[in-house]
Amino acid sequence: MDYSKLSKAVSYALRHAPWEYELELDNEGWVYINQLLMALHIENQWESVTENDLRQMIDLSDKKRHEIFKDRIRALYGHSIPQKIHKTVDVPPSILYHGTARPLVEQILSEGLQPMARQYVHLSVDINTANLVGKRKDSDPVLLKLDAEKAFNDGVKFYQGNNVVWLADCVPPEYILLQ
Ligand code: HQG
């Protein structure tokens, strides 16, 4: 089983296009595992996927993208569907990072970080993670350093995605510094 490929298929279903799989997410993004499995089984390449495979996919991943609780599964971040996934406001680490493509920096520094096609802005707890995120867009990415503590104290809302990813609705430019 190619767990990386399975993870991409699951992320597509749970983050971007649940309707293509006749799945309905609840307001925190959860779906029943058996419904996801039934949906996956329609595709030849996933016809024999089991719940154990989904658990292995999560355990073997380098990033914690999905979680299972009892009989349900959800994506922890990355959603682009119109239905807003509810996250609970939480106190962020005092500093967060964002890695991005060089040509976007001028606009980001003038209007702040916006969620763009996703529901939330995605931030990283450390430089290395931010650098890897930026490298998906640019071989020489730019690292931005955010004063998350000040932003939070001023009322910007943050939410935890996983152990290294934090989310925000948007981050105004006054909290963003070129690293
Ligand atoms: C940029 C992956 C212009 C922003 C990663 C980014 C992450 C602006 C792009 C997760 C802007 C959006 C998300 C503004 C933000 N003007 N550009 N005002 N504000 N941008 O892919 O953060 O591997 O939606 O800098 O690891 O790159 O899929 O967000 O370049 O955690 O699990 O707009 O996806 O996770 O791009 O990545 P994305 P992202 P997975």
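Source: prediction; values computed, not measured. For ligands, and for the atoms within them, numbers begin at 1 and follow the listed sequence.
With hydrogens left out, the protein atom closest to atom 28 (O) of ligand 1 is Arg15 NH1, 2.9 Å, a heavy atom. The protein heavy-atom contact nearest to atom 17 (N) of ligand 1 is Met116 CE, 3.7 Å. In this structure, atom 4 (C) of ligand 1 lies nearest to the protein heavy atom His98 NE2, 3.3 Å. Counting protein heavy atoms only, atom 18 (N) of ligand 1 is closest to Glu111 OE2, 2.7 Å. For atom 10 (C) of ligand 1, the nearest protein heavy atom (residue, atom name, distance) is His122 CD2, 3.8 Å. Nearest non-hydrogen protein atom to atom 24 (O) of ligand 1 is Arg118 NE, 2.7 Å. Protein heavy atom nearest atom 15 (C) of ligand 1, with residue, atom name and distance: Gln114 O, 3.3 Å.
At a 4.0 Å heavy-atom cut-off, ligand 1 does not touch His66 at all. Here Leu113 has heavy atoms under 4.0 Å from ligand 1 in both its backbone and its side chain.
Looking only at side-chain heavy atoms (C-beta outward), Leu40 and Leu6 come within less than 4.5 Å of each other.
Side chain to side chain, Gln119 and Lys87 fail the donor-acceptor criterion of an N or O pair below 3.5 Å. Inspection of the Tyr97 and Asp126 side chains reveals no N or O donor paired with an N or O acceptor under 3.5 Å.
Near Tyr77, meaning under 4.0 Å from one of its heavy atoms, ligand 1 places the atoms 31 (O), 32 (O), 35 (O), 40 (P). Atoms of ligand 1 lying under 4.0 Å from at least one heavy atom of Arg65, given by number and element, are 23 (O), 32 (O), 40 (P). Heavy-atom contacts of Lys63 reach the following atoms of ligand 1: 2 (C), 5 (C), 23 (O), 26 (O), 32 (O), 35 (O), 40 (P) (cutoff under 4.0 Å).
When Arg136, Gln107, Lys137 are ranked by how near their heavy atoms come to atom 16 (N) of ligand 1, first place goes to Gln107. Within the set Leu76, Thr100, Ile108, the minimum heavy-atom distance to atom 11 (C) of ligand 1 is found for Ile108. Relative to atom 1 (C) of ligand 1, the option among Val121, Val164, Leu104 with the closest non-hydrogen atom is Leu104.
Hydrophobic clustering (side-chain heavy atoms under 4.5 Å, transitive across Ile, Leu, Val, Met, Phe, Trp, Tyr) keeps Leu177 apart from Trp166.
Residue contacts with ligand 1 include Gly112, since one of its heavy atoms falls under 4.0 Å from the ligand.
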Checklist entry - Hey, mind stepping through Leu113 and Leu146 against side chain to side chain contact (heavy atoms under 4.5 Å, CB included) and telling me if it holds? => result CA-CA 10 Å; Leu113 281 164; Leu146 277 68; 4.1 Å; yes

Checklist entry - Which is it for Arg55 and Asp59 under the salt bridge (Lys or Arg N to Asp or Glu O under 4.0 Å) test, yes or no, and what are the steps along the way? => result CA-CA 6 Å; Arg55 291 181 185 277; Asp59 288 348; over 6 Å; no

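A 6.0 Å sphere centred on CD of Glu24 holds no more than 12 heavy atoms belonging to other residues, nucleotides or ligands. No more than 12 heavy atoms of other residues, nucleotides or ligands shown are found within 6.0 angstrom of CD on Glu22. Remark: Tyr159 OH is packed, more than 12 non-hydrogen atoms of other residues, nucleotides or ligands lying under 6.0 Å away. Counted within 6.0 Å of NZ on Lys84, heavy atoms from surrounding residues, nucleotides or ligands total more than 12; the atom is thus considered enclosed.
Ring geometry for Tyr21 against Tyr12 counts as perpendicular: the plane angle is over 60°, on a 0 to 90° scale with 30° as the lower cut.
For the pair Val133 and ligand 1, the shortest N or O to N or O distance does not fall below 3.5 Å.
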